[in-house]
Amino acid sequence: MPELPEVETTRRGIAPLINNKIIQGIILRTAKLRRPLDPELTNILPGRKIHAVERRAKYLLVRCDGGGLLLHLGMSGNLRVVPASTTVGRHDHVDLVFSDGNCLRFNDPRKFGVLLWTVGDPLTHPLLAGLGPEPLADDLTGDYLYRKSRSRKIAVKPFIMDQKLVVGVGNIYASEALFRAGVRPDRPAGKISRRSYDLLAEEIRQVLGEAIAAGGTTINDFRQNDGKPGYFRQQLRVYGRAGEPCMACESRIISQRLGQRSTYYCPQCQK
DNA sequence: ACGCTCTCCTGGCCGC
DNA sequence: TGCGGCCAGGAGAGCG
């Protein structure tokens, strides 16, 4: 589900609803997400106040007194703020309960999510240590991608999805950005020109920005905090469109398996 | 270091 | 209607 735009959409949805709230308790209904949930959370959290909800890569950072919660939505995670008395549904694994009677409810069918407490600044956690630059900041440039890619044989699509290179580009937006930049996803990263990387860096920023503006992309179950889907799906040009005509040239969109992930591209527009 | 595969988990869909 | 197989928005682990 969530790539950077969906995580950012989630952040913007919940931040005003949980900022400055006091945590009264936490309810853990499963022992284990991608990492085991620490039962100590029930002792650590009560009484702490939330100061900010930030995002780094696809992680959400909920800053509190003395530390912060690090949250990753995995493939299928979803966060909503609801009254704590709301009926618990299937896969509602965690409630962060506030003293105002509401709770932040974490639902994750596939249990690929992560939730853990970090002492001090959550940005210093090892999970975040090796991450690449934020694509929406100015530090993602064509020059950077070009330099990092020299002598790399990996296909450019899995290359730009590597969070150590640049964060936030997942399977949907990787295909979309490569289409917009006119680059075939299976080309070796090291063989792509500086000019193409300039374009690609720009298109990554562009497509992520547009997706955030649309509230993210809903394929199956992603929901914004108000329960509405993300509307960017209508603007996808290649993802999920195998066999359909290219919006630019009418060629049939091709689907190909690359690094175990479905990839979509136009054989005419992308070279 | 790099490139590749497997793995965690559940649900939905497709074909038989 | 049931069942097996495959696929799904992520990413860490382990292998050669």
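Below, chains carry the letters A, B, ... as their sequence lines are ordered, and counting in each starts from 1.
Using a 4.0 Å heavy-atom criterion, one finds that A:Y239 contacts the sugar-phosphate atoms exclusively.
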Watson-Crick and G-U pairing of DNA chain B, under 3.5 Å, as dot-bracket with | and [ ]: .|||||||.|||||||
Summary of protein contacts for nucleotides 11-16 of chain C, nucleotide by nucleotide, where a base hit scores B, a sugar-phosphate-only hit scores S (4.0 Å, heavy atoms): BB----
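Each of A:P109 and A:K153 lies near DNA chain B, and the nucleotide nearest A:K153 is the one positioned closer to the 5' end. Sequence order on DNA chain B of the closest nucleotides to A:H91 and A:Q260 puts A:Q260 first from the 5' end.
Rounded to a whole Å, the CG atom of A:L33 is 16 Å from the P atom of B:dC8. Taking atom NZ on A:K32 and atom C1' on B:dC9, their separation rounds to 10 Å, with Å as the unit. Atoms CD (A:E176) and P (C:dG9) sit 13 Å apart, rounded to a whole Å. Rounded to a whole Å, the CD1 atom of A:I154 is 6 Å from the P atom of B:dC4. What separates CE of A:M75 from P of B:dT7 is a distance of 16 Å, to the nearest Å.
Cation-pi geometry between A:R55 and A:Y59 is not met at under 6.0 angstrom from the ring centre and within 45 degrees of the axis.
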A:N78 vs A:N107, side-chain hydrogen bond (donor to acceptor under 3.5 Å, both in side chains): CA-CA, chis, key distance, verdict: CA-CA 5 Å; A:N78 195 26; A:N107 181 285; over 6 Å; no
side-chain hydrogen bond (donor to acceptor under 3.5 Å, both in side chains) between A:D65 and A:H51, intermediate numbers included: CA-CA 8 Å; A:D65 322 300; A:H51 297 302; 2.6 Å; yes
Derivation of the salt bridge (Lys or Arg N to Asp or Glu O under 4.0 Å) call for A:R63 and A:E54: CA-CA 8 Å; A:R63 291 189 183 273; A:E54 297 168 9; 3.0 Å; yes
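Using cut-offs of 30° and 60° for the angle between ring planes, the A:F232 and A:Y173 rings count as tilted.
Listed pair A:R150 / B:dA1 fails the phosphate criterion, with no side-chain N or O lying under 4.0 Å from OP1 or OP2.
Counting heavy atoms of neighbouring residues, nucleotides and ligands inside a 6.0 Å radius, atom CZ of A:R252 does not exceed 12 of them.
Stacking between A:F222 and C:dG9 is absent: the aromatic ring centre is not both under 5.5 angstrom from the base six-membered ring centre and within 30 degrees in plane angle.
A donor-acceptor contact under 3.5 Å links the side chain of A:N220 to the base of C:dG9.
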